[in-house]
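Just below is one structure, and these are the notes that go with it.
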Amino acid sequence: MKRHPKKYIALPLALTLLLTLAGCGGRGAGLAVRPGAAIEAEGPGRGPHTAASVMGRADPAARSGWLELFLDDASKTVSIRSHSEAEWSALPRSGGTPQANLGACAVEAVIYAEGHKLTLNSQDHAVAYGSAAARKIEEGRAGEGVEIAYTLTPDSETAERAKAGSLNANDVAFLVRVRYTLLEGNFRVYADWENLSGNPNAFLAELGLMERFGALRNPGPNDFFLLPDGVGALLYPARAPEGHNGDLRFAVYGHDPSVPGSDVSGGDVLRANAAAWGVRGQGAGFIAVAEQGRSLCEIAVRQAIPGEIPQAAVGPRFTVTPVVLREDGTVSHRAPASYGEAEGEGFSVVYRFFNGDNANFNTMATACREQLISSGVLSSTKTVRDSAGPAPLVLTLLGTGPADRFGQRALTTYEQAQDILMRLKNKGVNSLNVRYQGALRGGWLQGAPERAAPLARLGGARRLEALQAYCASKGLSLFLDVRAYSAKALLVPKARDLTGRTLRGSPQGFPWDAGSHTLPMRSADSFTRASRSIIKRLDGFGTAGIALGGAGNTLYADYAGAGANRPQALERLNQLLPALSARWTILLDTGDFYAIRYADSIANLPLEPQLSMSGGRYAPVPLLPILLHSSVDYSGAPLNLAADAEQALLRAIAYGACPAFTWTADEREGRDPRLAFETQLDTALNAYSRANAALAGLRGMRITAYEVDAATGVSVTRYSNDAAVYVNYGGEEQALDEIIIPPRDFVRIG
């Protein structure tokens with residue numbers, strides 16, 4: 001990493017010299033770790049876990065707009081104060097003992113030494129040893145503020161050797177450097193680190209960064225966390241805990257499938273499409289967006305923190321080095337391509353603040369959208385194609401599936417697909433986004449796209465050309481499913497742990513459990529070369545659109561060969577996607593935000609949270625729709641596979657989502673009747689008519705507000721052209737804003 005001269009407050013000269021020492025790490029296949037003698041860390045409780053309030057202080061380290069940044073020199077942590085006297089702190093504010101709020105810290109590092117786990121935090125294993133030092137950052141490109149260097153060691157003796165510049169080669173000593181800056185009214189936190197002793201048997205596995213910033217102290221009944229759970233959710237910590245009331249973890253872009261069985265910090269991990277969260281408490285709030293290193297981020301929620309004062313908190317934790325653990329908790333495999341080895345690698349989070357009436361879900365979600373655009377995750381210029389036209393029906397056709405005994409079975413031939421689309425068109429469905437799965441060589445277990453070709457069992461090249469010509473003549477969007485990640489035809493060797501070359505499971509998007517199948521995956525280094533091969537191959541039979549199987553819902557590291565961690569694999573993927581999106585319209589499945597800016601349509605976007613809690617503790621909100629609407633068409637899960645199709649349609653209408661169905665032309669005995677085209681046609685036509693009445697002309701408009709009336713249960717979705725859609729999920733007629741909404745129905749105004 002590139003380093004700059006620094007002048008720290010009360011930083012010993014020897015420690016300053018140690019800042020230039022590089023960390024350890026290697027590349028290649030996963031590294032097996034043989035555990036040595038365990039290193040014990042001194043217990044928690046030695047350092048200050050509270051910070052004094054900054055109210056009344058007149059010595060901010062930085063100012064920007066209506067925000068001020070303060071350093072608490074005793075605890076070596078920071079606080080933010082607004083002109084309205086709202087205050088957010090890295091540590092709880094308390095007049096109690098140093099042991100009050102035990103565990104609260106600015107930084108927590110999970111380190112493995114000799115294969116054994118050490119958990120060190122900034123308060124007990126740096127500040128308590130006098131091994132934390134701060135310096136002021138003068139105004140520059142990143143703003144002004146404070147940088148704090150925490151030297152984390154397991155005991156005071158090692159800390160003294162670090163100060164004296166006399167560390168041994170087997171010492172455990174990591175420097176975590178955190179910059180806290182204000183710029184243009186935003187608060188940014190950036191962290192990087194070094195292995196000070198160069199001990200090759202010690203490495204950083206996880207870094208928790210400001211995990212209790214803005215923790216809710218004695219939260220009120222309307223204080224909430226905004227979480228990226230599925231479509232989005234508000235968690236109210238003070239409300240009756242009926243259901244899940246333990247800690248929660250949301251992995252941004254899901255678990256890395258190249259690290260089988262790895263779970264460093266324990267517990268179930270949920271998926272998050274975007275690296276964003278928020279807090280509202282006592283009339284103020286903020287949203288946070290993880291920027292650098294977001295693909296390694298987990299959003300950790302603690303619903304109930306014991307201590308002097310009841311608290312709840314949400315904050316980020318980053319995976320630096322993936323590991324696989326033995327049953328005894330020691331490391332069996334370590335990723336060789338740890339994050340943070342190259343210049344400029346680190347983690348950053350940006351916070352935007354709100355006061356008073358602006359601290360509400362709608363304002364926070366809109367600001368989150370603006371920040372994701374500013375961070376380059378979302379596009380500021382991308383708009384829905386043909387936004388003034390009708391809303392499309394999103395249809396997935398299954399071309400092939402598993403046979404009863406072995407091999408492939410044709411489920412929808414090219415000719416049958418064309419017949420289905422003709423019948424829909426003749427019955428008034430004038431806009432269709434059609435994803436054709438299992439329609440190319442390899443079928444439902446498609447191999448490398450370099451070998452993509454029409455399937456003879458589905459009708460061959462001539463029938464596929466006729467289907468494509470029909471769609472082009474009628475203005476229908478046809479997306480042929482291509483698995484950009486798969487490399488089955490490339491004879492990649494079967495992968496070991498932490499190689500990232502083999503994924504196991506059923507193909508994404510198929511509505512049945514077809515068993516477990518292993519496909520070797522493409523190396524990250526071949527992504528760019530693959531895009532050229534895909535373009536050449538698919539151009540040969542006139543493809544207009546492609547559905548990139550896996551590219552919207554799977555992100556894996558590739559530790560084979562030269563090696564690439566998740567952020568590096570993401571960078572290579574972002575070299576593949578622009579070339580493909582410049583050539584074709586793109587449909588993505590699930591819609592993880594690392595690929596979203598290249599999509600024209602998203603299928604299976606989550607329209608419900610993964611968790612449910614009763615008692616008003618957990619409320620779904622359309623966070624993803626507010627972030628995406630007007631820039632891309634999206635649909636939820638197929639309505640014909642929903643437990644309550646009418647309820648699912650109303651939810652889609654409330655969230656601005658296109659109606660979706662999954663069909664086959666195969667009606668043989670034993671098949672799921674919900675998938676049969678003939679039995680679902682009338683239902684689809686009715687759903688399309690209702691959804692189009694609600695959404696036509698609104699696809700190019702932003703969603704500006706969403707509310708649910710507590711008395712009636714009616715939701716109201718408002719758009720940037722002043723249109724509003726009222727949805728009544730209940731079985732009785734309701735009145736709101738002098739508008740009568742029939743039961744299980746909607747009303748559009750404007």
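Keep in mind the model is a prediction, meaning the values are calculated, not measured.
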N/O donor-acceptor pair under 3.5 Å between Glu108 side chain and Thr119 backbone
no
Please determine whether side-chain contact (heavy atoms from CB on, under 4.5 Å) holds for the pair Leu378 and Ser631, giving the CA-CA distance in whole Å, both sets of side-chain angles, and the decisive distance to 0.1 Å.
CA-CA 9 Å; Leu378 300 181; Ser631 63; 6.0 Å; no
Partners passing ring pair (Phe, Tyr, Trp, His ring centres under 6.0 Å) against Phe593 (at least two apart in sequence or in another chain)
none
Under the side-chain contact (heavy atoms from CB on, under 4.5 Å) test against Val176, which residue among Leu207, Ile148, Leu209, Asp192 passes?
Leu207
Any luck finding a side-chain donor-acceptor pair between Tyr618 and Arg239 under 3.5 Å?
no
Ionic contact status for Glu68 with Arg63, cut-off 4.0 Å:
yes
Which of Phe70, Phe353, Tyr180 passes ring pair (Phe, Tyr, Trp, His ring centres under 6.0 Å) with Trp88? Answer is Phe353
Shortest non-hydrogen contact from Ala162 to Thr151?
CB-CG2, 4.1 Å
Do Arg271 and Asp592 have side chains that approach each other closer than 4.5 Å (heavy atoms only, starting at C-beta)?
yes
Under 30°, 30 to 60°, or over 60°: which ring-plane class applies to Phe286 and Tyr351, parallel, tilted or perpendicular?
perpendicular
If you compare all heavy atoms of Ala313 against all heavy atoms of Phe225, which two are closest, and at what distance to 0.1 Å?
N-CZ, 3.4 Å
Output yes when Glu707 and Arg718 qualify as a salt bridge under the 4.0 Å nitrogen-oxygen rule, no when they do not.
yes
Could you give me the CA-CA distance, side-chain angles and deciding distance for Arg177 and Glu194, then say whether salt bridge (Lys or Arg N to Asp or Glu O under 4.0 Å) is met?
CA-CA 9 Å; Arg177 189 183 295 104; Glu194 296 180 45; 2.9 Å; yes
Which pair of heavy atoms, one from Ala359 and one from Ala284, lies closest together, and at what distance?
CB-C, 3.7 Å
For the residue pair Val172 and Ala113, what are the closest heavy atoms and their distance?
CG2-CB, 3.6 Å
Considering only NZ, NE, NH1 and NH2 on the basic side and carboxylate oxygens on the acidic side, decide whether Glu298 and Arg317 come within less than 4.0 Å.
no
Taking the ring centre of each residue, are Trp193 and Phe347 less than 6.0 Å apart?
yes
Tell me, please, which residues at least two apart from Asn170 pass side-chain hydrogen bond (donor to acceptor under 3.5 Å, both in side chains).
none
Minimum-distance pair of heavy atoms, taken over all atoms of Leu152 and Ala126
CD2-CB, 3.9 Å
Around atom CG of Asp357, are there more than 12 heavy atoms of other residues, nucleotides or ligands at under 6.0 Å?
no
For the residue pair Phe187 and Phe213, is the inter-centroid distance of their aromatic rings smaller than 6.0 Å?
yes
Look at the side chain of Asn362 and the backbone N and O of Tyr706, then say whether any donor-acceptor pair between them is shorter than 3.5 Å.
yes
Is there a donor-acceptor contact under 3.5 Å linking the side chains of Arg212 and Gln311?
no
Within the side chain of Ser197, is there an N or O that forms a donor-acceptor pair under 3.5 Å with the backbone of Asp171?
yes
Which atoms form the tightest heavy-atom contact between Gly185 and Leu67, and what is the distance?
O-CD1, 3.2 Å
For Asp124 and Arg46, indicate whether the former's side chain and the latter's backbone hold a donor-acceptor pair under 3.5 Å.
yes
Assess the residue pair Asp155 and Ile39 against the criterion (side-chain contact (heavy atoms from CB on, under 4.5 Å)); give the C-alpha distance rounded to whole Å, side-chain angles, the decisive distance to 0.1 Å, and a yes or no.
CA-CA 10 Å; Asp155 52 57; Ile39 297 175; 5.6 Å; no
Tell me, do Val314 and Ile299 make a side-chain contact under 4.5 Å, heavy atoms counted?
yes
Let me see the working for Val320 and Leu296 under side-chain contact (heavy atoms from CB on, under 4.5 Å), right down to the final yes or no.
CA-CA 7 Å; Val320 178; Leu296 301 177; over 6 Å; no
